[in-house]
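Below you'll find the structure, written out as structure tokens, and then a few comments.
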There are 2 protein chains.
Amino acid sequence: MSIDVGARLRSVRTSFGLSQRELARRAGVTNGLISLIEQNRVSPSVSSLKKVLDGVPMSLAEFFTLDLSTAPQAFFGTAELVELGNEEVSLRLVAAKRPGRQLTVLHERYAVGAATGEEMLAHRGEEGGVVVRGRIELMVGGTTRVLGPGEAFYFSSQLPHRFRNVGREVCEIISASTPPTF
Amino acid sequence: MSIDVGARLRSVRTSFGLSQRELARRAGVTNGLISLIEQNRVSPSVSSLKKVLDGVPMSLAEFFTLDLSTAPQAFFGTAELVELGNEEVSLRLVAAKRPGRQLTVLHERYAVGAATGEEMLAHRGEEGGVVVRGRIELMVGGTTRVLGPGEAFYFSSQLPHRFRNVGREVCEIISASTPPTF
DNA sequence: TCATAGCGTTTAATATCTTAGACAAGAACG
DNA sequence: CGTTCTTGTCTAAGATATTAAACGCTATGA
């Protein structure tokens with residue numbers, strides 16, 4: 001069928017967190033038009049569709065290139081995270097199935113005494129994160145430091161690094177790295 | 001008044017070698033509408049623009065992604081070929097600067113008056129080649145040109161095209177096909 | 001020279017889009 | 001409980017897109 005412009009526009013608008021009236025105001029059209037377009041009650045002229053998209057903003061090329069089937073999931077429940085780790089170190093991956101992902105976001109959980117291994121890790125890219133609970137010993141390059149809740153890290157992954165839980169309780173970290181390693 | 005829909009459509013139509021009436025017939029609209037759109041006298045509705053593009057055929061995404069400034073070079077003079085071979089085997093590379101090329105070259109021979117058929121060819125992929133001997137008339141899109149020894153061609157096979165030997169001797173060309181067989 | 005056929009353009013009538021404004025439903029608040 | 005936001009929807013009137021048919025032009029050929 002003829003390109004579901006309505007669904008595309010609604011998807012775009014809501015993903016930007018805009019109401020019909022707010023988008024209409026930015027685009028210089030009426031809210032009623034947005035409504036009619038989204039219901040496919042009318043097929044907008046290219047010029048008015050462009051005006052609408054200018055309010056987002058988004059180009060016509062991007063609009064028609066959108067793949068609705070791969071509507072980016074923005075929120076993930078605990079059960080929707082993919083478990084990648086082992087008994088000692090739990091790695092819960094966010095947005096695992098998202099194609100073309102440029103980030104690896106992990107919810108890491110280290111058992112008492114657990115570490116990322118005897119060997120130092122080293123790979124391309126950068127990574128960073130924040131400690132949520134417990135205490136983690138982080139070695140980066142030649143430097144070692146123990147981080148507690150609220151403290152954070154960010155370094156080039158090419159530097160040899162290792163994580164180790166030196167506290168008396170489970171340690172949790174939220175981390176991100178690029179390019180995606182998982 | 002950005003996004004020159006009229007110029008885009010005219011570029012697309014002529015590159016496919018279609019008249020306004022022929023495109024209108026294929027698309028199921030009137031020739032007058034094509035004319036008005038190409039002059040930017042009206043801004044077509046998305047639905048009618050899609051109908052028009054269906055007659056080419058081309059998707060809305062491709063249409064709005066078109067880069068009018070970078071029209072791919074379709075013809076190459078002798079001086080525009082890049083010499084890659086040695087004394088034993090001479091390799092004159094066609095469209096050397098074209099990125100993402102995916103071709104393998106073949107050898108064809110046309111008898112006097114021979115052609116690839118009355119119908120225009122159109123298929124996926126790309127093709128190119130060099131005339132070795134004789135003269136060949138090549139139609140690509142809306143353009144026709146007679147090529148002689150040393151001259152060459154390279155175009156997207158989606159553009160309607162036809163070869164015809166208009167000389168008085170056998171014509172040899174080195175042609176290419178896609179996807180690459182070697 | 002006239003006739004025919006093709007081309008892109010233009011115009012008047014019609015179909016469709018777009019606006020302005022009103023409507024009903026839901027949420028926040030006193 | 002109302003009041004006052006907001007949300008998306010709907011409708012009649014106005015603006016614009018689209019059609020059908022004609023125009024002027026160029027080329028071809030009898």
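Order of the sequence lines sets the chain letters (A, B, ...), proteins ahead of strands, with each chain counted from 1. Values below: every heavy atom of this structure, side chains too, minus hydrogens, waters and symmetry copies.
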query: Is the backbone of A:F63 close enough, under 3.5 Å, to the side chain of A:R8 for a donor and an acceptor to pair up by distance?
result: yes
query: When the distance from NZ of B:K50 to C1' of D:dT18 is rounded to whole Å, what number comes out?
result: 18 Å
- prompt: Are OP1 or OP2 of D:dT6 and a side-chain N or O of A:Q20 less than 4.0 angstrom apart?
  reply: no
message: Can a donor-acceptor pair be found, under 3.5 Å and without considering hydrogens, that links the side chain of B:S45 to the backbone of A:S45?
response: no
query: Rounded to the Å, how far apart are B:N31 CG and D:dC23 P?
result: 15 Å
query: What nucleic acid atoms does A:S19 come within less than 4.0 Å of, heavy atoms only: base, sugar-phosphate, or nothing?
result: sugar-phosphate
field: Nearest-Å distance for atom pair CD1/C1', residues B:I34 and D:dT18
entry: 11 Å
- prompt: Quick one: B:E38 CD to D:dA17 C1', roughly how many Å, whole number?
  reply: 16 Å
query: Just how far, in rounded Å, is C1' of D:dC10 from CD1 of A:I37?
result: 15 Å
Contact check, side chains of A:Y110 and A:T116, non-hydrogen atoms, under 4.5 Å: yes
message: Using only atom types and a distance under 3.5 Å, with no angle test, would you say the side chain of A:N165 pairs donor to acceptor with the backbone of A:A111?
response: yes
- prompt: Is B:D54 reaching over with its side chain to a backbone N or O of B:P57, donor-acceptor style, under 3.5 angstrom?
  reply: no
- line: Contacts of B:R21 and B:T30 projected onto DNA chain D by closest heavy atom; the upstream (5') one is B:T30
field: Gap between atoms CZ and C1', on B:R41 and D:dT18 respectively (whole Å)
entry: 13 Å
statement: 5'-most to 3'-most nt of DNA chain C touching chain B (<4.0 Å, heavy-atom partner on protein side) reads C:dC7 to C:dT10
query: Which of these, B:V12, B:I34, B:L53, B:N31, sits in a side chain to side chain contact (heavy atoms under 4.5 Å, CB included) with B:L23?
result: B:I34
query: Closest nucleotide of DNA chain C for A:G28 versus for B:L36: which of these residues is on the 5' side?
result: B:L36
message: Does a side-chain N or O of A:S45 approach OP1 or OP2 of D:dA17 to a distance below 4.0 Å, or not?
response: no
message: Strictly below 4.0 Å, N to O, side chains only: are B:R13 and B:E38 in salt-bridge contact?
response: yes
field: Atom-to-atom span, CG of B:L33 to P of D:dT16 - whole angstrom
entry: 17 Å
field: Separation of D:dT18 C1' from B:K51 NZ (nearest whole Å)
entry: 9 Å
